[in-house]
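On a predicted model such as this, the values are computed, not experimentally measured, just so you know.
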There are 4 protein chains.
Amino acid sequence: MAAKQRGRPRSAVAHQAILEAARDLLACGGYEQMTMEAIAARAGVGKQTLYRRWPSKSAVVAEAVLSGYLVAETPPPADSGDVAEDLRLWLRQQFEWLGAPTVTALVRGLTAAAIDSDIDAARLYDHLTGPGRQQLTDRLSAGVRQGQLRPDIDLETVADVFAGTMLYHGVTGAPATAPDADRLLGLLLTGMALPANTASKPPGEEPAPSP
Amino acid sequence: MAAKQRGRPRSAVAHQAILEAARDLLACGGYEQMTMEAIAARAGVGKQTLYRRWPSKSAVVAEAVLSGYLVAETPPPADSGDVAEDLRLWLRQQFEWLGAPTVTALVRGLTAAAIDSDIDAARLYDHLTGPGRQQLTDRLSAGVRQGQLRPDIDLETVADVFAGTMLYHGVTGAPATAPDADRLLGLLLTGMALPANTASKPPGEEPAPSP
Amino acid sequence: MAAKQRGRPRSAVAHQAILEAARDLLACGGYEQMTMEAIAARAGVGKQTLYRRWPSKSAVVAEAVLSGYLVAETPPPADSGDVAEDLRLWLRQQFEWLGAPTVTALVRGLTAAAIDSDIDAARLYDHLTGPGRQQLTDRLSAGVRQGQLRPDIDLETVADVFAGTMLYHGVTGAPATAPDADRLLGLLLTGMALPANTASKPPGEEPAPSP
Amino acid sequence: MAAKQRGRPRSAVAHQAILEAARDLLACGGYEQMTMEAIAARAGVGKQTLYRRWPSKSAVVAEAVLSGYLVAETPPPADSGDVAEDLRLWLRQQFEWLGAPTVTALVRGLTAAAIDSDIDAARLYDHLTGPGRQQLTDRLSAGVRQGQLRPDIDLETVADVFAGTMLYHGVTGAPATAPDADRLLGLLLTGMALPANTASKPPGEEPAPSP
DNA sequence: TGCTAACCGAGACGGTACGTCCTGTCTTCCC
DNA sequence: GGGAAGACAGGACGTACCGTCTCGGTTAGCA
């Protein structure tokens, strides 16, 4: 081992002030507004204090977004016994939350950071979406146990679909509406294939389309 | 009115040279490397010639990416009569194509441009994904007519799911593999809900949890 | 030949504004106060416009001081026929002028610039002292023609003595007073050696000490 | 009063190491190279140890230069009975010594320190030139006693002339040569005025111009 | 022997200037 | 009028240094 902690230790206060300043600037002015100089000034910190901790602007943004996202968690899906309804409400909530300018700014900031550097963006998104993912997969698993969902569904793929959709709306700024949520969920629940086509095809039986 | 074309007409050669230079720089150095000065220099053009045509860097990038994407089109899904297999092959192909460094660079460039300006990013992505979208929805419609797909599927939502997934992989740089394609398609075809649930949902009934 | 003047020519206005701003800052705040950024701001100019013309701060200072000095010329020594008196008045005037805070600041600035770069400082000082030098040597030559000064005096050496003295006072900030001027001039006119010694020096002969 | 020395005493070793490090850096890299951090690092000392002893960089430089100068003293002028020759040799030696890169660096460092702070530069130069001054004035006084020099010469003014000349050469880096020394000494010994002029001016006589 | 004060090396801190780079505009001469 | 060239104001970048502050640890006198 080494270096046994010599010299003045790095200030945790400064660390937090920087991340918060970065988030504030990101929220109110976007990625371009969020200058290293502005961050330092707003955090009441020298520029070198930023560069001592992070090698570049992208890295600061990445950590700022991640740490900020985690404190602004949304509640997990309820478990009323009706998985479709629970997911529907949860997804609507997620979409609504994602539509908040602050959150959009965080997503765009993180995306910009991911693009203009060699940050491991996939890892970042995993961190970012991690908690929501877990909430989702938990509820899906419960739905399986409750006999409402197919036991063979690929939880990760479902989570990826949601993540991709959210990224799309975050980047484009196109708001994700409640009907969007419903349509997406409907597709994922029902699937595209006719039942006849999928697992065991009950011969001749045509499910009645919505009247 | 409209001054019917006075003075020297704008050079189409310069126009193309600029877009190509932009794409080249984007492909080899990323969005940050692609400066307006570098584009102008590489295209053998004055900077003013860029700004006479596009109002900002983002706009140049946008058009460069879009025009570049279009010339590198992928073929539409086949129609062998088996819609699941046709889509599987097409999606794999799309994913593979998307994994090419050049294409990734274009996607990332477009995303960066979308973020740091007030470009209508949604419109851009529509342009970008438009052709693929059309190919997809055409094949899906055919599948419906062939009695292999549900007649009530929401084509746009399906297309959005694909677009979101591709954006995710483009931005993170995480390669989208053939198994990913298969899993995604499987989910979308089959859906998550058990057949029993879709048809009749016994309200309030709690299935026995696993013992 | 080459380059036949393409592109926008450099602005002479900006050039002058920069030099003047540099001199102003030097005069009111010293060498340390005179930042490149402050110069640019005061001149209403981008920093790049400075660096396009001069490679470093020292170079800007050098030119600013030189051009400023030249416009603030002092009058040449009079020629009343009495060279001693003419020089006495001129030297007093020079000393007084040198004591002005503005001039001291210029001298110190130039000296600082000379020290912290590889500027050819000797050349700068020559430029700086050139006009005064010429005035001095002209008057000395006239004095020689008028039979008041020795024909074999080394004009350059005399000028160097004055220059060195002025540099000393400029750097230290110790004001050069009128009595200082008189003493220096007295020394230079009269010399240190006794007349007996100057005329004929009998080798090996020990002169009788003063009785 | 006066807290009679409690706590750990200051390290004399560190003191010397600092001054030596400062001189070394000054000698090999100039004033700009000589940063407080570099001095501390080279002396194997914490920065606070510097600031505990000196209030600023200029102060460190000043003491470093002075202490360095004193240990590198040049011998005093000889007293062979011939004051002109003694001074000539001594001045040549001084000029040669001054031309050494190390000495030039010290002079430039001291000058830079004098400029960018409110150090009493005159006092520093007095310290710096003090020993040489004393040597010089001693020899001049002896010359006066020996009847070779005028009894009314102003010793301080002579010393100032030498100091100014040396400062000029130190700052500009222009080497002071042996002929320079001879010329300067010739001027100071002989003076500029014709003997006739100093004592009694023959009235109305116009000297013939050079043929 | 322990207490307390001042030192020590190390290095982070706020601040500020540096010199480079890029954006979007402008100004020149050439077609 | 368009086009290539390049200067323009402005401003962010990342580096470096100044002088201060804060760690853990050392070295003295005093108790």
Side-chain angles (χ1 to χ4, degrees), chain A residues 3-11 13-14 32-41 43-53 55-57, chain B residues 3 5-11 13-14 32 34-38 40-41 43-58, chain C residues 3-11 13-14 32-41 43-57, chain D residues 3-11 13-14 32 34-38 40-41 43-58:
Chain A
K4 56 176 293 198
Q5 182 63 5
R6 293 208 297 184
R8 178 175 175 173
R10 294 189 180 174
S11 160
V13 173
E32 287 303 292
Q33 220 77 340
M34 186 188 48
T35 327
M36 290 299 257
E37 268 154 7
I39 295 173
V45 140
K47 260 205 294 182
Q48 197 61 48
T49 301
L50 273 80
Y51 286 105
R52 209 176 280 123
R53 291 169 158 80
S56 68
K57 180 176 169 181
Chain B
Q5 190 68 1
R6 302 228 309 161
R8 176 173 173 179
R10 292 187 179 174
S11 158
V13 174
E32 286 303 292
M34 184 190 49
T35 61
M36 290 299 257
E37 271 156 5
V45 141
K47 267 207 293 179
Q48 195 61 43
T49 301
L50 273 79
Y51 285 103
R52 208 175 282 124
R53 291 169 159 82
W54 297 276
S56 70
K57 177 178 170 181
S58 317
Chain C
K4 54 178 299 201
Q5 184 64 5
R6 293 208 299 181
R8 178 175 176 176
R10 294 191 178 171
S11 158
V13 174
E32 287 303 292
Q33 220 78 338
M34 186 189 47
T35 322
M36 290 300 257
E37 269 153 8
I39 295 172
V45 140
K47 264 206 292 180
Q48 197 61 47
T49 300
L50 273 80
Y51 286 105
R52 207 175 284 124
R53 290 169 159 80
W54 299 277
S56 70
K57 179 176 169 181
Chain D
K4 53 179 304 208
Q5 189 68 4
R6 298 232 312 162
R8 177 175 176 176
R10 293 188 180 171
S11 158
V13 174
E32 285 305 290
M34 185 189 50
T35 61
M36 290 300 257
E37 270 153 7
V45 141
K47 267 207 292 179
Q48 195 61 46
T49 301
L50 273 80
Y51 285 103
R52 209 175 282 124
R53 291 167 160 81
W54 298 276
S56 70
K57 179 176 169 181
S58 316

**Q** Backbone N or O of D:Lys47 within a donor-acceptor pair of the D:Thr49 side chain at under 3.5 Å?
**A**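 No, because the side chain of D:Thr49 does not come within donor-acceptor range (under 3.5 Å) of the backbone of D:Lys47.
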**Q** By nearest nucleotide on DNA chain E, pick out whichever of D:Ala40 and C:Pro55 is the more 5' one.
**A** D:Ala40
**Q** Given F:dG3, is OP1 or OP2 found less than 4.0 Å from the side-chain N or O atoms of B:Arg52?
**A**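 Yes, such a contact exists.
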**Q** Reckon D:Lys47 touches a base, only the sugar-phosphate, or nothing at all at heavy-atom distances under 4.0 Å?
**A** base
**Q** Tell whether C:Gln48 reaches the base of F:dC8 with its side chain through a donor-acceptor pair below 3.5 angstrom.
**A**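 Result: no qualifying N/O pair found.
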**Q** Can you work out whether C:Ala41 or C:Pro9 has the more 5'-proximal nearest nucleotide on DNA chain F?
**A** C:Pro9
**Q** Quick check for you: among E:dC22, E:dC8, E:dT20, whose closest atom lies nearest to any side-chain atom of B:Glu37?
**A** E:dC22
**Q** Given F:dC18, E:dT23, F:dT27, identify the nucleotide with an atom nearest to the side chain of D:Met36.
**A**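 Shortest atom-to-atom distance from the side chain points to F:dC18.
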**Q** Using only atom types and a distance under 3.5 Å, with no angle test, would you say the side chain of C:Thr35 pairs donor to acceptor with the backbone of C:Glu37?
**A** no
**Q** Atom OH in B:Tyr51, atom OG in B:Ser56: separation rounded to 0.5 Å?
**A** 7.5 Å
**Q** Please state how far atom CD in D:Glu32 lies from atom C1' in E:dA17, giving the value in whole angstrom units.
**A**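 Rounded to the whole Å, the gap is 12 Å.
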**Q** Rounded to whole Å, please give me the gap between CD1 in A:Ile39 and C1' in F:dG14.
**A**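 Rounding to the nearest Å, CD1 of A:Ile39 and C1' of F:dG14 are 14 Å apart.
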**Q** Rounding to an integer number of Å, can you tell me how far D:Trp54 CH2 sits from F:dC18 P?
**A**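 One finds 15 Å between P of F:dC18 and CH2 of D:Trp54, rounded.
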**Q** Given E:dC21, E:dA12, E:dC8, which nucleotide is nearest the side-chain atoms of A:Arg10?
**A**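 Within the option list, the nearest is E:dA12.
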**Q** Side chain of D:Thr49, heavy atoms from C-beta onward: which of E:dG14, F:dT15, E:dG9 has the nearest atom to it?
**A** E:dG9
**Q** B:Arg53 side chain: which of F:dA28, F:dG3, E:dC8 is closest?
**A** F:dG3
**Q** Under the 3.5 Å rule, do the base of F:dC8 and the side chain of C:Arg8 count as making a donor-acceptor pair?
**A** no
**Q** Any N or O donor-acceptor pair linking the side chain of C:Arg6 to the base of E:dC29 at under 3.5 Å?
**A**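 In this structure, the two groups form no donor-acceptor pair.
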**Q** Between C1' on F:dC17 and CE on D:Met34, what's the gap in Å once rounded to a whole number?
**A**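 Distance check: D:Met34 CE to F:dC17 C1' gives 13 Å.
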**Q** Out of curiosity, A:Gln48 CD to A:Arg53 CZ, how far, rounded to the nearest 0.5 Å?
**A**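 The distance works out to 11.0 Å.
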**Q** Let me confirm one number: the CZ-CZ distance from D:Arg8 to D:Arg10, rounded to the nearest 0.5 Å.
**A** 12.5 Å
**Q** 5'-most contact on DNA chain E: D:Gly44 or A:Ser11, nearest heavy atom basis?
**A**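 Looking at the nearest nucleotide for each, D:Gly44 comes out on the 5' side.
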**Q** Taking OH from D:Tyr51 and P from F:dC17, how many angstroms apart are they, rounded to a whole number?
**A** 12 Å
